[in-house]
Amino acid sequence: DTAVSQTPKYLVTQMGNDKSIKCEQNLGHDTMYWYKQDSKKFLKIMFSYNNKELIINETVPNRFSPKSPDKAHLNLHINSLELGDSAVYFCASSQSGQGYEKLFFGSGTQLSVL
Amino acid sequence: KQEVTQIPAALSVPEGENLVLNCSFTDSAIYNLQWFRQDPGKGLTSLLLIQSSQREQTSGRLNASLDKSSGRSTLYIAASQPGDSATYLCAVRRGTGRRALTFGSGTRLQVQP
């Protein structure tokens, strides 16, 4: 069973459209994240949720709106897509309070905005 | 602001060689450091995690060391195999209680058979 799964794997869309990426984890973790990997391969944190509450928002444009209906899901909705949004988006999860907080990543969603 | 640098950016070695990947970070106030492996088109797999109070961690042919005071970590891979070919990423977690990781840009490793 996949621990952290995100869909879709590939997303090609036109500028100005609205799109969503879904993420689910079956590890029982209480913290979930969205990371963005740009063309230079740097991974940067976008959001983090702990028990459905937003705890990190790293100056991401408000066109990006994360939604956590429960602690096993963290979806990412993007409004008015721009060319610069093209990247690979990774969802991840971890369990807080264990001292180690190893992160488990999904396989990524490659977003191409044309 | 924490910055993480990985050297070299790319490395090609013949099978069987031992190799070292380097990671440096500018702010030594870290909570832990993780090494990940990323295969093309796939997510990241955590290889080793070193707490700030630890000096090294080992898993099979992998050994990661941490020198927090100098802001450095190394990942040692013994007896490399073609299956080790991947991008290796180093990431540090801030020591302020926030849970985000700051990543380096990775070292792309190719092990030639």
Side-chain angles (χ1 to χ4, degrees), chain A residues 2-10 21 23-25 27 29-51 53-60 74 87-110, chain B residues 1-11 21 23 25-26 30-54 56-57 59 62 64 66 86-109:
Chain A
T2 304
V4 182
S5 59
Q6 51 183 112
T7 55
K9 188 170 176 64
Y10 299 98
I21 308 173
C23 179
E24 176 182 3
Q25 53 94 3
L27 297 166
H29 290 166
D30 63 357
T31 306
M32 296 185 72
Y33 314 78
W34 277 107
Y35 281 83
K36 178 180 179 180
Q37 188 172 40
D38 60 25
S39 56
K40 295 182 179 179
K41 303 300 182 185
F42 274 104
L43 266 156
K44 292 183 181 176
I45 183 71
M46 298 175 69
F47 301 102
S48 175
Y49 270 72
N50 177 259
N51 282 318
E53 291 189 19
L54 179 67
I55 57 171
I56 295 175
N57 180 343
E58 289 283 324
T59 61
V60 178
L74 181 61
V88 182
Y89 293 83
F90 286 97
C91 177
S93 72
S94 68
Q95 178 61 38
S96 63
Q98 292 181 337
Y100 290 94
E101 296 201 32
K102 187 180 282 192
L103 257 67
F104 293 80
F105 280 81
S107 57
T109 295
Q110 185 168 332
Chain B
K1 179 186 172 186
Q2 178 73 275
E3 291 184 4
V4 180
T5 304
Q6 290 187 246
I7 296 172
L11 183 62
L21 307 181
C23 171
F25 45 95
T26 54
I30 64 169
Y31 184 74
N32 60 38
L33 181 146
Q34 281 187 251
W35 282 93
F36 292 88
R37 169 186 174 138
Q38 184 175 22
D39 292 283
K42 296 187 179 179
L44 281 70
T45 302
S46 181
L47 298 173
L48 290 164
L49 184 151
I50 312 177
Q51 291 288 75
S52 60
S53 57
Q54 297 175 322
E56 65 177 343
Q57 282 286 326
S59 176
L62 305 179
L66 174 64
T87 297
Y88 291 81
L89 294 155
C90 163
V92 298
R93 185 188 148 190
R94 303 169 196 173
T96 61
R98 301 180 73 184
R99 298 179 174 86
L101 296 179
T102 301
F103 282 83
S105 58
T107 294
R108 193 171 63 255
L109 172 66

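Within every chain, numbering begins at 1; the chains are lettered A, B, ... in the order of the sequence lines, protein sequences first and strands thereafter.
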Report the distance from atom [atom1] of [X] to atom [atom2] of [Y], rounding to the nearest 0.5 Å.
X      : Y      : atom1 : atom2 : result
A:K102 : B:L48  : NZ    : CG    : 7.5 Å
A:F104 : B:L44  : CZ    : CG    : 12.5 Å
A:S94  : B:Q34  : OG    : CD    : 9.0 Å
B:D39  : A:S107 : CG    : OG    : 11.5 Å

Heavy-atom contact with chain B under 4.5 Å, split by part of A:K44:
neither

Measure A:Q6 against the heavy atoms of chain B and call it side chain, backbone, both or neither at under 4.5 Å.
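Looking at A:Q6, nothing touches chain B.
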
Does A:N51 have any side-chain hydrogen bond (donor to acceptor under 3.5 Å, both in side chains) partners at least two apart in sequence or in another chain, and if so, which?
none

Which atoms of B:I50 approach chain A - backbone, side chain, both or neither, heavy atom under 4.5 Å
neither

Considering residues, nucleotides and ligands other than A:K9, do more than 12 of their heavy atoms fall under 6.0 Å from its NZ?
yes

Got a sec, which residues hit ring pair (Phe, Tyr, Trp, His ring centres under 6.0 Å) with A:Y49, two or more places apart in sequence or on another chain?
none

Output, in order, the C-alpha distance, side-chain angles, deciding distance and verdict of side chain to side chain contact (heavy atoms under 4.5 Å, CB included) for A:L43 and B:F36.
CA-CA 12 Å; A:L43 266 156; B:F36 292 88; over 6 Å; no

Run through A:Y33, A:F42, A:Y35, A:F90 and flag the one making a ring-ring contact (aromatic ring centres under 6.0 Å, His included) with B:F103.
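Per the ring-ring contact (aromatic ring centres under 6.0 Å, His included) rule, the option paired with B:F103 is A:Y35, out of A:Y33, A:F42, A:Y35, A:F90.
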
